[in-house]
Engineer: 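Before anything else, here's the structure in question.
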Number of protein chains: 2
Amino acid sequence: METVSENACFGGTQGVYTHASTACSCNMTFGLFLPAEAKDGPVPLLWYLSGLTCTHENAMTKAGAQTWAAEHGIALCFPDTSPRGDAVADDDGYDLGQGAGFYVNATEEPWASHYRMWDYVMDELPVLLERNFSLDMDRQSITGHSMGGHGALTMAMSPRGQFRSVSAFSPITNPTASDWGRKQLSAYLGNNEDIWSPHDATLCMRDRGFDGPMLIDTGTNDQFIDLLKPEALAEAAAARRQQIQFRMQPGYDHSYFFVSTFMEDHLAFHAEHLWA
Amino acid sequence: METVSENACFGGTQGVYTHASTACSCNMTFGLFLPAEAKDGPVPLLWYLSGLTCTHENAMTKAGAQTWAAEHGIALCFPDTSPRGDAVADDDGYDLGQGAGFYVNATEEPWASHYRMWDYVMDELPVLLERNFSLDMDRQSITGHSMGGHGALTMAMSPRGQFRSVSAFSPITNPTASDWGRKQLSAYLGNNEDIWSPHDATLCMRDRGFDGPMLIDTGTNDQFIDLLKPEALAEAAAARRQQIQFRMQPGYDHSYFFVSTFMEDHLAFHAEHLWA
């Protein structure tokens, strides 16, 4: 692992690191914010998964998350959204290939050799983080925006159960029934829709739900709301009696101006459960 | 004036607008955050002037200023850092020409016909804002970063006296004695150094100071600290008995991770004086 940069930030350190990824068979870059408390011992970790076209950098610079992570003494990890590099397959569309990994392990060519973001975020990166930083890996939660909200919700609801709480900003909630989903799931996973279901938050909710608290914010003026389908997850969560705060925020859109507005609430939510 | 975008943000609106500038003889773009309180009547205004290479957008997306402006019910204006466009003179250096206006009225060619950022920020844009938005122009303060800190300090100390308080993040404080300054002042204003002095915060401080409170933060690990020369302004302010909080922040550098860390303090500082 190599250090790309480290900047003092809210009493802690905002770092950027790169490493050779086994899961993705390429070099991967991630951001990690460590609060001041990490100097004295392991701190809890909140994962932030980004959306389409983003890298590790967008949320790290635009979401204002360090403000509140510092207040609560929590680390933040910002993974990239896909494998990268000249040797990695790509597509002309902004919503497939590099910048659009959808947090799945691809089985179909030309994607299968690098696009293994599920394993990267769930298995490889946690081991790397634990080995190199002062983090309490028994205290992890996860959040994300848009495609990253989809990733956060599906990973949280996987049987592994490694997250104490999950939240999402304007998540894609029902990709098996949406153009932001069917295109990518068929490209990465093939046409057998039975194996898509662990990657659809609404289907995961119907199947098993999440053993912990869930917070979801979506703007009523979100320009992509027909693709996000918040109503599908809301219905499924209510039907399951899932512990959830599901909020439609009047006037807000899909941008980081929306994300940053509600970041304080999300960090306070996760802090309550990470420190419990 | 045309609306480029408006996004809901912390209960208010983050807008981006473009207009034909008389001062700069080109189209200019600026960002304006209006807190929720602006719907009920005029609100105070804090100007944020950006640094080298920046546009209206950098601070608007990375400084986290809206968080605290919303809390205090204060508007934020983010002007561009120079005139723009194919017809506007430029230079291969990042620190001269477009993105590097230095907040002066150029008198030398090829700059004189467009590079009039002093008049643009001090005269033209305030009139445009007052005409189009719910702002109390009797309550204005100013801040900025690096080259924008230089602009904020020199504008605040001009005889006009239109600002109630001034602050700066890692400002260029003594450009007549620095490579970030002599190059630009000679290019824009010519070689008669007598007319440079209104554009050097240290010289302004020696000459007249600021009739109000001043807050300045600089990181001890700032990679450009030898060009910023905080010691020059600190000495001049102390010698004048200027009301000032001058802070050296241990470990911080020149980045927006530094700016965002101390933005809460700067907004609270200005709010105290804007609402007094």
Side-chain angles (χ1 to χ4, degrees), chain A residues 4-16 31-36 39 54 57-71 76 78 169-170 217-223 225 247-268, chain B residues 4-16 31-36 39 54 57-71 76 78 169-170 217-223 225 247-268:
Chain A
V4 176
S5 61
E6 288 184 332
N7 300 83
C9 184
F10 288 95
T13 303
Q14 177 61 60
V16 175
L32 182 73
F33 172 74
L34 287 176
K39 292 166 195 154
C54 291
E57 194 176 19
N58 299 63
M60 200 183 93
T61 56
K62 297 198 297 185
Q66 297 94 339
T67 315
W68 314 111
E71 181 166 311
L76 298 169
F78 305 98
F169 300 87
S170 41
D217 275 320
T218 305
T220 61
N221 284 12
D222 192 307
Q223 57 270 48
I225 201 163
R247 311 192 300 190
M248 299 294 295
Q249 300 288 4
Y252 288 88
D253 58 31
H254 201 71
S255 70
Y256 268 88
F257 296 115
F258 158 69
V259 172
S260 60
T261 298
F262 297 101
M263 188 57 77
E264 180 177 12
D265 291 356
H266 284 242
L267 261 294
Chain B
V4 176
S5 61
E6 289 184 331
N7 300 83
C9 183
F10 288 95
T13 302
Q14 177 61 60
V16 175
L32 182 73
F33 171 73
L34 287 176
K39 292 166 196 154
C54 290
E57 194 177 19
N58 298 64
M60 199 183 94
T61 56
K62 297 198 297 185
Q66 298 94 341
T67 314
W68 313 112
E71 182 166 311
L76 299 168
F78 305 98
F169 301 87
S170 40
D217 275 319
T218 304
T220 61
N221 284 12
D222 192 307
Q223 58 269 49
I225 201 162
R247 312 191 300 190
M248 299 295 295
Q249 300 289 3
Y252 288 88
D253 58 30
H254 201 71
S255 69
Y256 268 88
F257 296 114
F258 158 68
V259 172
S260 60
T261 297
F262 297 101
M263 187 57 76
E264 181 178 11
D265 291 356
H266 284 242
L267 261 293

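Lettering follows sequence order; numbering is per chain, from 1. Since we're looking at a predicted model, the values are computed, not measured.
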Engineer: Check whether B:Tyr252 reaches the backbone of A:Asn7 with its side chain - one donor and one acceptor, N or O, closer than 3.5 Å.
Structural biologist: no
Engineer: Select one option (side chain, backbone, both, neither) describing which atoms of A:Ser260 are under 4.5 Å from chain B's heavy atoms.
Structural biologist: both
Engineer: Against chain B, label A:Ser255 side chain, backbone, both or neither, depending on which of its atoms sit under 4.5 Å from a heavy atom there.
Structural biologist: side chain
Engineer: Given heavy-atom pairs under 4.5 angstrom as the criterion, report whether the side chain, backbone, both or neither of A:Gln66 touches chain B.
Structural biologist: side chain
Engineer: Flag the pair A:Phe257 / B:Met60 as yes when at least one side-chain heavy-atom distance between them is below 4.5 Å, and no otherwise.
Structural biologist: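 Of all side-chain heavy-atom pairs linking B:Met60 with A:Phe257, at least one is under 4.5 Å.
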Engineer: Specify the closest pair of heavy atoms between B:Gly251 and A:Ala8, including all atoms of both residues, with the distance to one decimal.
Structural biologist: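 Shortest heavy-atom contact: O-CB, 3.2 Å.
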Engineer: Among B:Ala70, B:Gly219, B:Cys9, B:Ala63, which residue has the highest count of heavy-atom pairs closer than 4.5 Å to chain A?
Structural biologist: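 The candidate making the most pairs under 4.5 Å is B:Cys9.
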Engineer: Shortest non-hydrogen contact from A:Trp68 to B:Trp68?
Structural biologist: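 Closest approach of A:Trp68 to B:Trp68: CH2-CH2, 3.4 Å.
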Engineer: State which residues pass ring-ring contact (aromatic ring centres under 6.0 Å, His included) with A:Phe258; sequence neighbours excluded, sorted by chain then number.
Structural biologist: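 For A:Phe258 the ring-ring contact (aromatic ring centres under 6.0 Å, His included) partners, ignoring immediate neighbours, are A:Phe262.
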Engineer: Taking ring-ring contact (aromatic ring centres under 6.0 Å, His included) as the definition, give me every residue that meets it alongside A:Tyr256, ordered by chain and number, with sequence neighbours left out.
Structural biologist: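 Result, ring-ring contact (aromatic ring centres under 6.0 Å, His included) vs A:Tyr256: A:His145.
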Engineer: Quick one: pull up CD in A:Gln14 and OG1 in B:Thr261 and give me the separation to the nearest 0.5 Å.
Structural biologist: 10.0 Å
Engineer: Measure distances from B:Thr61 to the heavy atoms of chain A and classify the residue's part below 4.5 Å as side chain, backbone, both or neither.
Structural biologist: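 B:Thr61 touches chain A through backbone and side-chain heavy atoms alike.
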Engineer: Could you tell me which portion of B:Met263 (side chain, backbone, both or neither) has an atom closer than 4.5 angstrom to a non-hydrogen atom of chain A?
Structural biologist: neither
